S.K.: 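Structure incoming, see below.
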Amino acid sequence: MRQAMERMLGEVAGLACRFRWLVLVLSLVGAAAGTWLSTTRLGVVNSVNDLIHQDSPVLKTFLNYQKEFQTTDPLVIVVKAADFDSGKKTVDALAQRLEALKPAELKSVYYRNDLSRLRPHFLLYQSVAELEAILTQLQNQKKLLQGRTGSGVNLNELLDEGLRQFDEVSAKKGKGDSLDNLDLYADRMVKDLEKLARLLARPPEEKIGEASAYVNEQEAMIREELRKNEYLVFDEGRLFLMMLNPSAGGCREFSPYEKVIGKVRAIISETQPEHPGSSIGLTGEHVLMTDELKQSEKDMSIAFGVAFVLIASSFFLFYREIFRPLLALLALLCAIAWTYGAATLTIGHLNLISQAVVLMLLGLGIDFSIQVIGRYEEERAAGRGVEEALRSVLARTGVAILTGGLTTALAFFTMCFNDFVGLAELGAIAGMGILFCLVASLILLPALIAICDTWRKAENFQHQASQARLGQKLDSLLVLSPRITLLLIALLTLGLIWQAQRIQFDYNLLNMQNPRIESVRLARELVESPALSFLSV
């Protein structure tokens, strides 16, 4: 079996050398097609629901709930102001501008309650205990107004009745109940008696005026309470919330709320300079997911660039040349382009987890090319020609490369049986990517070497000798005292196993995101604020 594999791979090397230009053209066409497909059709889904299997009972129940009640996670505008009035002005200005986004981008803007219709029905919003307290108070006032004889209002009897009730309350409180509110009750009673005395000492027309003023004072107090509770306000009037119900239309399907979020942020930017005393920010589930997607795309681009530069630098440093490492990197880039094209045709999208597959392919895929180039230079240093050296490399080392690549790909493909869609898609794309890296290393790379080395002059492969000496030194260090080496490795393993027991699973998705992003920072602040009870409903 092994000999048959060696002969087959040797023939593959010969065909790659013989039809090297055809291999190169087909590879570049495939890479161009994969690049075009991925840039035009491949997107990244940023919804947590897309990471869960669609047959999950929990997900089905949640989706049915959203459909039944037509609910959508709102966009939350957070306004922090120095006082209630400045916050109210800021919120009103924002609401006026946000109306222009209805109904195309926003279905509704909820930031205040219309309490005018509730005035005749305030008692309906009281608890049973509060209603019983009001009833007791009215019954006591009825006795005071009727007097003990029931013959109308008698001031002396009214005061006697009030003192008797006060004595009853004092006696009850003194038997073990708390006396915390007794001083407030007594102080209120004294103030009411003083107001009654002043009212009785004045002429009748002034008494009517003061009574009207008292009614107006109570009415003004009620209006002020209504005004303060009309808005979604917390933290003693310093924190305002606005709930925006978005419409998912007019933008790409992978991030359906990206457009409306951008417009809302533009309105916030316009309003902020007009209200310098207030701080305005935007958060919410959809905002967090959109910001997370943008941040991950940016971070992956940076990580890809850094990883590619580090790999190239290491390659150039240890091989002391630029030419063949560039061929290996070109083959690797073609394999990545093929992978993204295949992912577009099969899965159709990436997710926040499978988005990291490119870094895996960079690290794993370059290993195959390193082995091919290292063995090729050894064969050339022994005096063999280009095609003969490539045949020998694939016949002798190709079996090990193919076996390692296939086992790695199979390990990734087993993730496809995972019910968690995020990991299943990662396994499928990574498995395909490893197979494409094998093809690039065993077919495309030999073709590139055959094209470029055919016209190159004879080379000096002295660096192979220095690399061999370095490898011999490392081997001698490891086998110098094998028992001590094994003991150190065993101790390190046991120590790491002991530390591994301390690992815990973090269920808070906010901890996965960049804390410097505004939406993440505001979400953390809301979790620790009095508004949490409102947002949890």
Side-chain angles (χ1 to χ4, degrees), residues 38-39 42-52 72-80 239-244 246 248 251-269 271-272 278-310 340 349-363 420-423 425-426 429-430 502-529 531-532 535-536:
S38 60
T39 53
L42 187 66
V44 182
V45 295
N46 64 343
S47 174
V48 177
N49 294 338
D50 294 325
L51 301 180
I52 305 174
T72 305
D73 290 323
L75 313 181
V76 182
I77 294 181
V78 181
V79 177
K80 291 184 285 186
L239 177 64
F240 289 75
L241 297 183
M242 300 182 71
M243 318 298 288
L244 315 181
C251 51
R252 61 175 182 161
E253 59 178 347
F254 301 107
S255 184
Y257 301 102
E258 184 177 2
K259 182 179 178 181
V260 62
I261 290 173
K263 290 190 174 183
V264 171
R265 280 183 165 151
I267 290 176
I268 291 176
S269 299
T271 309
Q272 181 67 79
S278 300
S279 173
I280 312 174
L282 182 66
T283 187
E285 188 68 25
H286 296 303
V287 182
L288 288 170
M289 290 189 297
T290 301
D291 289 348
E292 181 182 26
L293 176 59
K294 291 181 179 180
Q295 185 67 39
S296 64
E297 289 178 343
K298 177 182 176 182
D299 291 344
M300 289 306 303
S301 300
I302 296 174
F304 175 82
V306 172
F308 189 83
V309 170
L310 290 176
Y340 273 75
H349 62 263
L350 299 176
N351 59 59
L352 293 173
I353 298 177
S354 63
Q355 195 177 15
V357 71
V358 63
L359 299 180
M360 298 180 182
L361 297 181
L362 280 176
F420 185 54
V421 177
L423 290 178
E425 292 179 353
L426 172 64
I429 298 173
R502 301 172 59 185
I503 296 178
Q504 296 181 349
F505 191 85
D506 188 357
Y507 294 90
N508 190 351
L509 295 179
L510 280 177
N511 294 334
M512 297 175 58
Q513 302 188 26
N514 186 352
R516 294 187 297 271
I517 298 178
E518 178 194 58
S519 57
V520 178
R521 176 176 53 80
L522 289 175
R524 291 178 180 274
E525 291 178 1
L526 289 179
V527 168
E528 300 173 357
S529 73
L532 177 62
L535 295 172
S536 302

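Keep in mind that this is a model prediction, so the values were computed, not measured.
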S.K.: Could you state the interatomic distance from OG1 (T283) to CG (L75), rounded to the nearest 0.5 Å?
M.R.: 9.5 Å
S.K.: What's the spacing between L426 CG and F420 CZ if we round to 0.5 Å?
M.R.: 10.0 Å
S.K.: With a cut-off of 3.5 Å and sequence neighbours excluded, list every side-chain donor-acceptor pair involving residues 349-356.
M.R.:
{"from": "H349", "atom 1": "NE2", "to": "E425", "atom 2": "OE1", "distance (Å)": "3.4"}
{"from": "H349", "atom 1": "NE2", "to": "E425", "atom 2": "OE2", "distance (Å)": "3.0"}
{"from": "N351", "atom 1": "OD1", "to": "I353", "atom 2": "N", "distance (Å)": "2.7"}
{"from": "N351", "atom 1": "OD1", "to": "S354", "atom 2": "N", "distance (Å)": "2.7"}
{"from": "N351", "atom 1": "OD1", "to": "S354", "atom 2": "OG", "distance (Å)": "3.4"}
{"from": "N351", "atom 1": "ND2", "to": "E425", "atom 2": "OE1", "distance (Å)": "2.6"}
{"from": "S354", "atom 1": "OG", "to": "N351", "atom 2": "N", "distance (Å)": "2.8"}
{"from": "Q355", "atom 1": "OE1", "to": "S296", "atom 2": "OG", "distance (Å)": "3.1"}

S.K.: R516: which residues meet the side chain to side chain donor-acceptor pair (under 3.5 Å) condition with it, sequence neighbours left out?
M.R.: none
S.K.: Applying side chain to side chain donor-acceptor pair (under 3.5 Å), name anything that partners Q272, two or more places apart in sequence or on another chain.
M.R.: none
S.K.: Testing the basics here: between L282 and R265, what is the closest heavy-atom pair and its distance to 0.1 Å?
M.R.: CD2-CG, 3.8 Å
S.K.: ring-ring contact (aromatic ring centres under 6.0 Å, His included) with F240: which residues, sequence neighbours excluded?
M.R.: F84
S.K.: Do M242 and V76 have side chains that approach each other closer than 4.5 Å (heavy atoms only, starting at C-beta)?
M.R.: no
S.K.: Is there side-chain contact between L526 and L241, with at least one heavy-atom pair below 4.5 Å?
M.R.: yes
S.K.: Of all heavy-atom pairs between V520 and P515, which one has the smallest distance, and what is that distance?
M.R.: CG1-CA, 4.1 Å
S.K.: Under the salt bridge (charged side-chain N to carboxylate O under 4.0 Å, His left out) rule, collect the residues that match up with E525, sequence neighbours excluded.
M.R.: K80, R521
S.K.: According to side chain to side chain contact (heavy atoms under 4.5 Å, CB included), who are the partners of A266, at least two apart in sequence or on a separate chain?
M.R.: none
S.K.: First locate atom NZ of K298, then atom CG of L293, and finally report the distance between them rounded to the nearest 0.5 Å.
M.R.: 13.5 Å
S.K.: Enumerate the ring pair (Phe, Tyr, Trp, His ring centres under 6.0 Å) contacts for residues 290-310, please, sequence neighbours excluded, ordered by first and then second residue.
M.R.: none
S.K.: To the nearest 0.5 angstrom, please state how far the CD1 atom of I267 sits from the CD1 atom of I77.
M.R.: 7.5 Å
S.K.: Closest approach of V260 and P246, non-hydrogen atoms and distance?
M.R.: CG1-CB, 4.1 Å
S.K.: Return the set of residues passing side chain to side chain donor-acceptor pair (under 3.5 Å) with S519 (not counting sequence neighbours), or none when no residue passes.
M.R.: D291
S.K.: Could you tell me which residues satisfy side chain to side chain contact (heavy atoms under 4.5 Å, CB included) with D299, sequence neighbours excluded, listed by chain and number?
M.R.: Q295
S.K.: For K294, check side chain to side chain contact (heavy atoms under 4.5 Å, CB included) against everything at least two apart and list the hits.
M.R.: E258, T290
S.K.: Hey, what do you get for CD1 (I261) to CG (L244), rounding to the nearest 0.5 Å?
M.R.: 10.0 Å
S.K.: Test of understanding: with side chain to side chain donor-acceptor pair (under 3.5 Å), list the residues that count as partners of T271, not counting sequence neighbours.
M.R.: R97
